[in-house]
Amino acid sequence: MESSSLQAQINSLITFLSSHCSSGKGLGTTSSAIYDTAWLSMIQKPPNSGYFLFPQCFTYILRHQLPSGGWTSYATPVDGILNTAAALLALKRHSLFPSSPQPTTTQPELNNWPLQHRIEKASTALQSMLLNWDVSSTDQVGFELLVTRLLSMLEDSGVEGLSSSFPGSSTLRALHDAKLAKLPANYVYQARSTLYHSLEALWGYVDFEKIGHLKEENGSMLASPASTAVYLMGLGEKGMWDEESEKYLKGVLDRERFEGEGDGDGGQRKGDGGVP
């Protein structure tokens with residue numbers, strides 16, 4: 001590579017970084033996350049109206065469903081379980097509204113998959129992941145709360161037999177109960193903590209109306225798109241809303257990335273529907 005061309009790329013990168021670091025919107029420098037994108041795809045405004053705030057996120061979820069029916073595992077089995085569980089929950093939520101978009105995907109083998117078939121394939125894929133999961137060797141932070149809550153929400157939505165259908169289910173439940181026993185609900189309302197990065201794990205245990213004063217200045221819950229999405233949904237169930245948090249999530253989806261940044265499918269672009 002000629003030195004002039006290299007210098008031009010260096011200058012371009014510096015300009016990109018400086019402009020975005022001073023924009024107030026932040027800077028996305030990773031591939032889009034299925035997990036966060038799935039949570040954003042479930043936000044309705046008004047709640048239970050069938051009007052989804054970020055339909056492009058649901059399009060992204062559909063486009064990235066694998067032929068197996070699941071979604072990718074980035075580094076560990078828990079990644080795949082969380083991605084697939086959250087995406088499956090999004091499919092179930094959207095299936096309640098016939099007007100929800102059901103676009104085709106870029107994978108020919110998925111083009112003719114109707115939503116119900118996607119749900120069945122995703123359920124089977126998740127069950128397979130759980131059957132092969134060694135719970136006792138897992139050390140990712142908060143997995144016992146996140147996985148347990150997602151499985152419970154899926155069963156509430158009509159996906160049967162997940163919580164007790166795999167060998168490590170009793171171990172997972174014991175870890176979950178032990179962790180939750182150390183987290184009295186009142187603790188969540190007193191001060192900002194790392195719990196705010198994964199509020200989805202506490203759905204049903206905390207009152208989201210009481211935690212708005214602990215959000216970040218940018219409107220987020222500890223800079224977590226998924227956690228912020230759950231906060232908004234929790235408020236929505238009480239007939240409330242937080243415009244600052246909505247603005248934060250819109251800003252996350254609107255972030256630009258440096259040319260070439262992507263997840264292997266031709267490069268990410270602003271507005272592709274994935275959460276960076």
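Quick caveat: nothing in here was measured; it's all calculated off a predicted structure.
- Judged purely by atom type and a 3.5 angstrom limit, S49 uses its side chain to pair as donor or acceptor with the backbone of Y51.
- Two residues are said to be in side-chain contact when any heavy atoms from C-beta on lie closer than 4.5 Å; F143 and L172 meet this criterion.
- Within the structure, the side-chain hydrogen bond (donor to acceptor under 3.5 Å, both in side chains) test picks out the following pairs touching residues 126-135 (sequence neighbours left out): W133-T138, D134-S136, D134-S137.
- A salt bridge is defined here as a Lys NZ or Arg NE, NH1 or NH2 lying under 4.0 Å from an Asp or Glu carboxylate O, and K250 with D254 fails to meet this definition.
- By the side-chain contact (heavy atoms from CB on, under 4.5 Å) test, A174 pairs with no residue at all, sequence neighbours left out.
- Within the 3.5 Å criterion, the main-chain N or O of V188 finds a donor-acceptor partner in the side chain of Y196.
- Side-chain atoms of S152 and R149 form a donor-acceptor pair, as typed in the model, at a separation below 3.5 Å.
- Under the side-chain hydrogen bond (donor to acceptor under 3.5 Å, both in side chains) criterion, K215 pairs with D242, E244, sequence neighbours left out.
- Between the side chain of S245 and the main chain of S220, no donor-acceptor pair closer than 3.5 Å is present.
- Contact annotation: the side chain of E216 approaches that of R192 to within less than 4.5 Å [non-hydrogen atoms, C-beta and beyond].
- The backbone N or O of G69 lies less than 3.5 Å from a partner atom in the side chain of Q65, making a donor-acceptor pair.
- Between P225 and W39, every side-chain heavy-atom pair lies at or beyond the 4.5 Å cut-off.
- Side-chain contact between L146 and V78 is absent, with no heavy atoms from C-beta onward closer than 4.5 Å.
- Between L199 and I211 the shortest side-chain heavy-atom distance falls below 4.5 Å.
- Within the 4.5 Å cutoff, the side chain of L126 has no heavy atoms near those of the F166 side chain.
- Qualifying side-chain hydrogen bond (donor to acceptor under 3.5 Å, both in side chains) partners for K45, counting only residues two or more places apart in sequence or in other chains: E246.
- Residue-environment remark: CD (E243) exceeds the threshold of 12 foreign heavy atoms within 6.0 Å.
- Side-chain contact check for S224 versus H197: some heavy-atom pair is nearer than 4.5 Å.
- Follow the hydrophobic side-chain contacts under 4.5 Å out from M240 and you reach L214 in the same cluster.
- At least one donor-acceptor pair closer than 3.5 Å links the side chain of H64 to the backbone N or O of Y60.
- Judged as a side-chain hydrogen bond (donor to acceptor under 3.5 Å, both in side chains), and not counting sequence neighbours, S227 has no contacts.
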Please output the side-chain donor-acceptor pairs of residues 79-90 that fall under 3.5 Å, not counting sequence neighbours, one pair per line with the distance.
residue : atom : partner : partner atom : Å
D79     : OD1  : Q140    : NE2          : 3.4
D79     : OD2  : A75     : N            : 3.0
D79     : OD2  : T76     : N            : 3.1
D79     : OD2  : T76     : OG1          : 3.4
N83     : OD1  : Y35     : N            : 3.3
N83     : ND2  : T72     : O            : 2.8
N83     : ND2  : D79     : O            : 3.3
T84     : OG1  : W71     : N            : 3.0
T84     : OG1  : G80     : O            : 2.9

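- Between R173 and E144 there is no salt bridge, since no side-chain nitrogen of the basic residue lies less than 4.0 Å from a carboxylate oxygen of the acidic one.
- In this pair, F52 and H94 present their aromatic rings parallel. The plane angle is below 30°, not in the 30 to 60° band.
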